[in-house]
Amino acid sequence: MMLKQLLTIVTLIFIGGGAMAKDYTVCSPNGKNQVTVGNDITISVSHDGKPVVKVKAGLSVQSNLQPGSGKVTSATETIPAPFYRQKSFTAAYRQLDMKLSGGFGLQVRVYDEGVGYRFYTTRQTETIIVDEMADFCFPDNGKCWLAFSTNEEKPFAMAFQNFYDETKLSEARNQFAFLPATIQSGEVKVTILESDLRNYPGMFLKADGSHLKASFAKYPKRMEYYKWRGMSHVAETEDYIAKSSGKRTYPWRVMAITEKDTDMPVNNLVYALATPNKIGDFSWIRPGKVAWDWWNDWNLKGVDFKAGINTRTYQYYIDFAAKNKIPYVVLDEGWYDSAKGDIMNPIADIDLQGLIDYGRQKGVGIVLWTVFNVLDEHLVEACEKYAQMGIKGWKADFLDRNDQTAVEMAERIAKTCAQYQLFVDYHGYFAPTGLNRTYPNILNYEGVFGMEEARWAKKETDMPKYDVTFPFIRMMAGNVDFTPGAMRNGTRTNWVECYENPVSMGTRCHQLACYVIHDSPFTMLCDAPTNYEREPEYVNIITSIPDTWEETRILQGKMGQFIVSARRNGSDWHVAGQTNWDEREIYLSLDFLPAGETYQATIVTDGVNANHNAEDYNMATKTLTSNDNLKIKLASGGGFLVKLIKQ
C-alpha cells in the first residue's frame with residue numbers, strides 16, 4: 001500500500017487559504033507588541049505601532065485548509081524555574097486560538113517580551129508533515145547576527161558551534177544558519193528562537209534578501225556509524241520532515257522583541273512556552289561545579305604517577321575536588337572503549353566502582369561521559385547499572401543533529417535518567433528549546449562556541465568578542481555549558497595555540513566573570529588540578545560563587561562590546577563584567593542593593609600589567625552600601641568580579 005494511503009499528509013496553506021470572516025489583532029498586556037493574523041495566515045508583528053516582522057506560516061503541501069473562527073483569551077502564569085536564571089518568574093500574555101479546517105488550529109501568544117505561534121492538530125490519525133513554511137520578512141535592511149552550519153556538505157549535521165556572522169540582512173550568506181538568530185528591525189532587535197521542540201525537527205534559517213526562510217532536516221530513513229566512537233549519523237532520509245500519531249501541538253516559533261541589548265540575556269520566552277515539569281519531584285537534583293579532565297588533557301604535573309585515563313589520575317581529581325568543595329568530577333571520553341561503543345564495560349585502567357566509592361567517601365560525585373546514541377542503545381541497562389554503582393549523571397555528547405529522531409532521543413534519555421535519579425549535561429547539542437523546564441534533570445547544554453575551541457583556534461580567532469556576544473543571543477535560549485576556568489591566559493598579541501596545554505584568550509578575570517555571567521548550574525573548572533593548586537585564593541573565589549540564583553539583572557552592556565551582570569542568591573549579590581579586546585572603564589552604581597544594608601565586598605579586577613600578562617589580577621576587600629559607586633578598569637579582553645556579602 002502506498003505511503004499516502006497509510007498516513008495522512010497535511011498542509012496549512014499560507015497563501016490563498018480562503019477568506020476569513022475578519023483579521024484578528026492581539027496586543028501584549030502592555031500594549032507595545034501587536035499581532036495581526038491575516039486571512040492568508042500571515043502573522044504581522046509590530047512594536048509601538050511600527051512593523052518589525054511578518055511571517056508566512058504553514059505546514060506541508062496538500063490540503064487547502066480554510067481559516068475559521070478565532071478566540072482571544074488572557075492569562076498570567078507564575079512559572080517555577082529550578083536551576084534557571086531565577087527561581088521563578090511571572091509571564092502574562094494574550095492568546096489567539098484560531099480554528100482551521102481538517103482538525104488543525106493555530107495559536108498565537110503575545111507577551112510584553114515578544115511573540116510565539118504554533119500549529120496544533122486534534123486529529124487521531126497518523127500524520128506526516130512533508131515540510132513547514134516559516135518565512136520571516138523584515139521591513140528594512142537591518143543588521144543580522146547569524147551562526148552558520150560548519151558542515152557545507154551536510155549542513156544539518158554538526159555541533160551547533162560557530163561565531164555570529166554580523167552583516168546587513170541583504171548581504172548575509174545564503175547558507176543554513178542555526179538558531180538563535182538576531183535581526184535589527186527598526187529600533188528593536190528581533191531574535192528568532194523555538195520552544196517546546198518535541199517529536200519534531202529543529203529549525204534552520206537561510207537568508208534571502210529581506211527574508212529569513214526556515215528549513216528542517218528530513219526524517220532519517222537509514223543510519224550508519226562512524227568507526228571511531230560508535231556515533232550514529234544519518235545516511236539516508238525520507239522525503240518528509242516529521243511524523244506523529246494523534247492529537248498534538250507543534251513547536252513554538254518565537255520572536256523575542258527587545259528594545260535594549262540588556263533585555264536580551266534575561267528574556268524568558270523559551271522557558272515560558274515549554275511544557276511544564278514532567279518528572280515530578282526533583283529535590284534529588286544537585287547543581288554544582290565539576291572538575292573536568294578533557295580540556296586540560298589530563299595534564300597533571302609534579303605527581304609521582306603517569307597522568308592519563310587511569311584510576312590514580314582520577315583519584316587525584318577527586319582529592320582536588322574534595323579539598324575545594326567541588327561536588328563533581330567528570331570522566332570524559334576514554335573511560336570506556338568509545339571506538340567499540342562499549343559503554344557497559346570500563347577499560348582495564350579504570351576501577352570505576354573504586355572511584356565512585358572513593359568519591360562518595362570524600363563527598364564527590366562521579367559523572368560519566370558518553371555518546372548520545374551509545375547511551376540510548378543501552379539506555380535502561382546502562383542507567384540501572386551505573387545508578388546502582390552510584391554515579392550522579394551523564395554527560396551526553398555528539399548528537400550533532402536535530403532531526404525528529406535526534407530530538408526524540410534527547411527526551412527519551414532525559415526521561416529515563418530521571419527515573420533513575422540521574423541528571424544529564426547535553427553536549428554536541430543544539431541550542432536549548434525549554435526541555436529543561438519539562439525535564440529539570442537536564443542541567444546544562446552546550447550549543448555554544450565554548451572554551452574547547454581554545455585548544456585548536458587560530459590567532460585570528462576573536463573569542464573575547466564572541467564571549468560578549470553570545471550571552472545576548474544564545475543565552476536567550478537557556479543554560480550554556482561554556483566550560484570556563486582556564487589558568488593559562490593570553491593577550492591579543494601573545495596568545496598561542498596549544499592543544500596539550502591550552503591557553504584562553506583574554507585575562508584571568510575574563511575567565512572568572514564567566515561563573516556569574518553565564519546561565520550555568522553545572523559549570524566546569526576546565527583546567528588541571530595542579531594548575532589550580534598553585535593559586536588557592538583564586539580557586540576559593542571560583543568555588544564560592546553560587547551555582548543557582550534567585551534573581552538576575554543585566555546592569556550594562558552592548559552586544560559584541562561588553563556586558564555587566566548582577567545575580568542574587570539569598571541576600572548576597574555577585575556582579576561580573578567582561579569586555580572584548582577593547583580596554584574600557586566601567587562605572588558601576590550599587591543602587592540595586594537594598595538601602596541601609598552593608599555589604600562586605602571582594603573585588604577581583606585585571607591587574608595593572610594584565611595587558612602584557614593576561615594572568616595578572618588584583619584582589620581587594622572593602623565595605624560598601626547602595627550609595628557607593630565603583631570605577632573598574634578592564635584590560636584588553638578583560639573582566640571583573642565583585643562579590644557582595646550582606647553583613
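Note that the structure is predicted; figures quoted are calculated from it, not measured.
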Verdict with supporting geometry, Q561 and T579, side chain to side chain contact (heavy atoms under 4.5 Å, CB included)
CA-CA 6 Å; Q561 297 181 23; T579 182; over 6 Å; no
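- Considering only residues two or more places apart in sequence or on other chains, T491 meets the side chain to side chain contact (heavy atoms under 4.5 Å, CB included) condition with T493, N494, A614.
- Side-chain atoms of N441 come within 3.5 Å of backbone N or O of L422 as a donor-acceptor pair.
- In this view, S504 and N489 satisfy the side-chain hydrogen bond (donor to acceptor under 3.5 Å, both in side chains) rule, not counting sequence neighbours.
- Y599 pairs by the side-chain hydrogen bond (donor to acceptor under 3.5 Å, both in side chains) definition with nothing, not counting sequence neighbours.
- Considering only residues two or more places apart in sequence or on other chains, D319 meets the side chain to side chain contact (heavy atoms under 4.5 Å, CB included) condition with Y358, K362.
- In this structure a side-chain-to-backbone donor-acceptor pair under 3.5 Å is missing from E550 to R568.
- Residues D527 and W295 bring no donor and acceptor atom of their side chains to less than 3.5 Å of each other.
- Using a 30° and 60° split on the angle between ring planes, Y466 and Y164 fall in the parallel class, below 30°.
- Salt-bridge formation is detected for the pair R553/E551: a Lys NZ or Arg NE/NH1/NH2 atom is positioned less than 4.0 Å from an Asp or Glu carboxylate oxygen.
- Every side chain to side chain contact (heavy atoms under 4.5 Å, CB included) that A81 has, sequence neighbours left out, goes to Y84, F89, Y271.
- Between E411 and R198 there is a salt bridge, since a side-chain N of the basic residue sits under 4.0 Å from a carboxylate O of the acidic one.
- Judged by distance alone, the side chains of S636 and R492 never bring a donor and an acceptor atom under 3.5 Å apart.
- A 4.5 Å side-chain heavy-atom check between R85 and N268 finds at least one atom pair inside the cut-off.
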Donor-acceptor list for residues 321-331 side chains, cut-off 3.5 Å, not counting sequence neighbours:
residue, atom, partner, partner atom, Å
N324, ND2, F320, O, 2.9
Y328, OH, R286, O, 2.6

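- Here the side chain of N479 pairs a donor or acceptor atom with the backbone of L443 at under 3.5 angstrom.
- Aromatic ring orientation, H518 versus F470: tilted (interplanar angle from 30° to 60°).
- Aromatic ring pairs are classed by plane angle as parallel below 30°, tilted from 30° to 60° and perpendicular above 60°; the pair Y429 and F372 is parallel.
- I279 and N277 make their closest contact through N-OD1, 2.7 Å (heavy atoms, listed as atom of the first residue, atom of the second, distance).
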